[in-house]
Amino acid sequence: RSGEMAKLTQLIDNEVFRAYATYATIVLLKMMLMSLVTAYFRITRKAFANPEDTASFGKGESAKKYLRADADVERVRRGHLNDLENIVPFLGIGLLYALSGPELYTALLHFRIFTGARIAHTFAYLIPLPQPSRGLSWAVGYAVTISMAYKVLKTALYL
């Protein structure tokens with residue numbers, strides 16, 4: 001048992017892993033915030049997906065009018081879905097990358113650029129900013145994840 005704990009302590013002492021944990025936490029919190037933004041838009045636009053969510057607006061036919069799609073709610077949901085499609089791969093590939101022994105400077109560059117790109121993507125989606133701002137911010141984050149994946153494949157696997 002104590003051998004396992006020593007390994008965990010060594011991992012926590014690893015600067016690259018700590019950098020990964022920091023930026024992974026930031027993007028996860030950003031992604032969680034999108035749930036709150038979605039709820040805010042649903043409530044302020046009175047546009048709900050489930051009948052039970054309309055209970056405070058009446059019963060029966062009077063509540064049915066709140067079971068509807070809203071363009072603003074759907075926009076936030078698409079932004080949240082895009083987070084799921086991009087942050088989840090970053091978490092897995094970023095962890096493998098952090099464990100593959102990169103230089104701290106290079107790892108921080110990858111993690112910071114990805115995090116900045118995802119934050120920029122969220123603003124571009126929610127404001128909305130004109131294209132190609134959203135597309136570029138997505139592409140930058142995606143390229144960072146591909147770069148880390150390439151490093152992992154090149155360093156750690158037998159291809």
Side-chain angles (χ1 to χ4, degrees), residues 1 3-45 47-50 53 69-159:
R1 260 291 161 181
E4 289 176 29
M5 200 52 119
K7 290 176 188 173
L8 182 58
T9 303
Q10 289 170 348
L11 187 60
I12 292 171
D13 288 340
N14 180 307
E15 287 182 305
V16 173
F17 180 78
R18 286 199 328 257
Y20 164 76
T22 299
Y23 289 96
T25 301
I26 291 168
V27 293
L28 284 170
L29 285 171
K30 189 214 78 61
M31 189 168 65
M32 291 171 62
L33 181 62
M34 292 299 285
S35 296
L36 297 176
V37 174
T38 302
Y40 169 79
F41 274 84
R42 282 200 181 284
I43 292 166
T44 59
R45 306 305 193 270
F48 301 96
N50 303 303
D53 298 337
D70 177 83
D72 293 332
V73 172
E74 292 307 310
R75 182 171 198 82
V76 174
R77 290 183 67 234
R78 287 191 306 273
H80 194 184
L81 179 60
N82 193 277
D83 273 351
L84 289 167
E85 293 169 350
N86 290 273
I87 291 173
V88 171
F90 167 80
L91 294 174
I93 291 171
L95 177 60
L96 295 172
Y97 173 76
L99 298 175
S100 72
E103 294 292 325
L104 177 61
Y105 172 81
T106 306
L108 281 169
L109 194 61
H110 278 90
F111 301 151
R112 287 173 177 165
I113 290 172
F114 180 85
T115 300
R118 290 314 304 171
I119 291 169
H121 184 270
T122 297
F123 282 115
Y125 228 124
L126 295 182
I127 289 176
L129 297 177
Q131 282 288 30
S133 57
R134 192 179 78 236
L136 286 173
S137 59
W138 169 84
V140 167
Y142 199 83
V144 167
T145 303
I146 295 295
S147 174
M148 291 187 301
Y150 174 76
K151 165 75 169 152
V152 170
L153 290 172
K154 183 179 166 197
T155 305
L157 297 179
Y158 301 100
L159 293 179

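Owing to the predicted nature of the structure, the values given are computational and were not obtained by experimental measurement.
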Can you see which heavy atom on [X] is nearest to which on [Y], and at what distance?
X	Y	answer
Ala117	Val140	CB-CG1, 4.0 Å
Leu108	Ala19	CD2-CB, 3.6 Å
Leu91	Ala24	CD2-CB, 3.6 Å
Ser100	Thr155	O-CG2, 3.6 Å
Ala107	Val16	CB-CG1, 3.7 Å
Ile87	Val27	CD1-O, 3.6 Å

Indicate, with yes or no, if the rings of Phe114 and His110 have centres closer together than 6.0 Å.
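No, the ring centres sit 6.0 Å or more apart.
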
Measure the spacing between [atom1] of [X] and [atom2] of [Y] and express it to the nearest 0.5 Å.
X	Y	atom1	atom2	value
Leu104	Phe111	CG	CZ	9.0 Å
Leu84	Met34	CG	CE	9.5 Å
Asn50	Arg42	CG	CZ	7.5 Å
Asn82	Met31	CG	CE	11.5 Å
His80	Leu126	NE2	CG	11.5 Å
Leu29	Thr25	CG	OG1	6.5 Å

Closer than 3.5 angstrom, by distance alone: can the side chain of Ser147 be matched with the main-chain N or O of Ala143 as a donor-acceptor pair?
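No; zero donor-acceptor contacts below 3.5 Å.
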
I'd like to know whether Val76 forms a side-chain contact (heavy atoms from CB on, under 4.5 Å) with Val73, so could you lay out the CA-CA distance, the side-chain angles of the two residues, the decisive distance to 0.1 Å, and finally the verdict.
CA-CA 5 Å; Val76 174; Val73 172; 6.0 Å; no

Exactly one candidate in Thr44, Leu36, Ile43 meets side chain to side chain contact (heavy atoms under 4.5 Å, CB included) with Tyr40; the answer is Thr44

Stacked cation flag Arg134 on Tyr125, 6.0 angstrom / 45 deg
yes

Below 4.5 Å, heavy atoms only, C-beta onward: do Lys151 and Lys154 meet side chain to side chain?
no

Would you say that Tyr97 contacts Thr106 through its side chain, given a criterion of any heavy-atom pair below 4.5 Å between the two side chains?
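Tyr97 reaches Thr106 side chain to side chain.
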
Can you list the residues that meet the side chain to side chain contact (heavy atoms under 4.5 Å, CB included) rule with Tyr142, with sequence neighbours excluded?
Asn86, Trp138, Ile146

Atom CD of residue position Glu103 - does it have more than 12 heavy atoms of other residues, nucleotides or ligands inside 6.0 Å?
no

Determine whether the side chains of Arg112 and Tyr23 contain a donor N or O and an acceptor N or O closer than 3.5 Å.
yes

Fit a plane to each ring of Phe17 and Tyr20, take the angle between them on a 0 to 90° scale, and name the class: parallel (under 30°), tilted (30 to 60°) or perpendicular (over 60°).
tilted

Sequence neighbours left out, what passes side-chain hydrogen bond (donor to acceptor under 3.5 Å, both in side chains) with Thr122? Give chain and number order.
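Testing Thr122 for side-chain hydrogen bond (donor to acceptor under 3.5 Å, both in side chains), a comparison that skips the adjacent residues, returns Lys30.
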
Could you work out, with ring pair (Phe, Tyr, Trp, His ring centres under 6.0 Å) as the rule, every residue matching Phe41, not counting sequence neighbours?
none

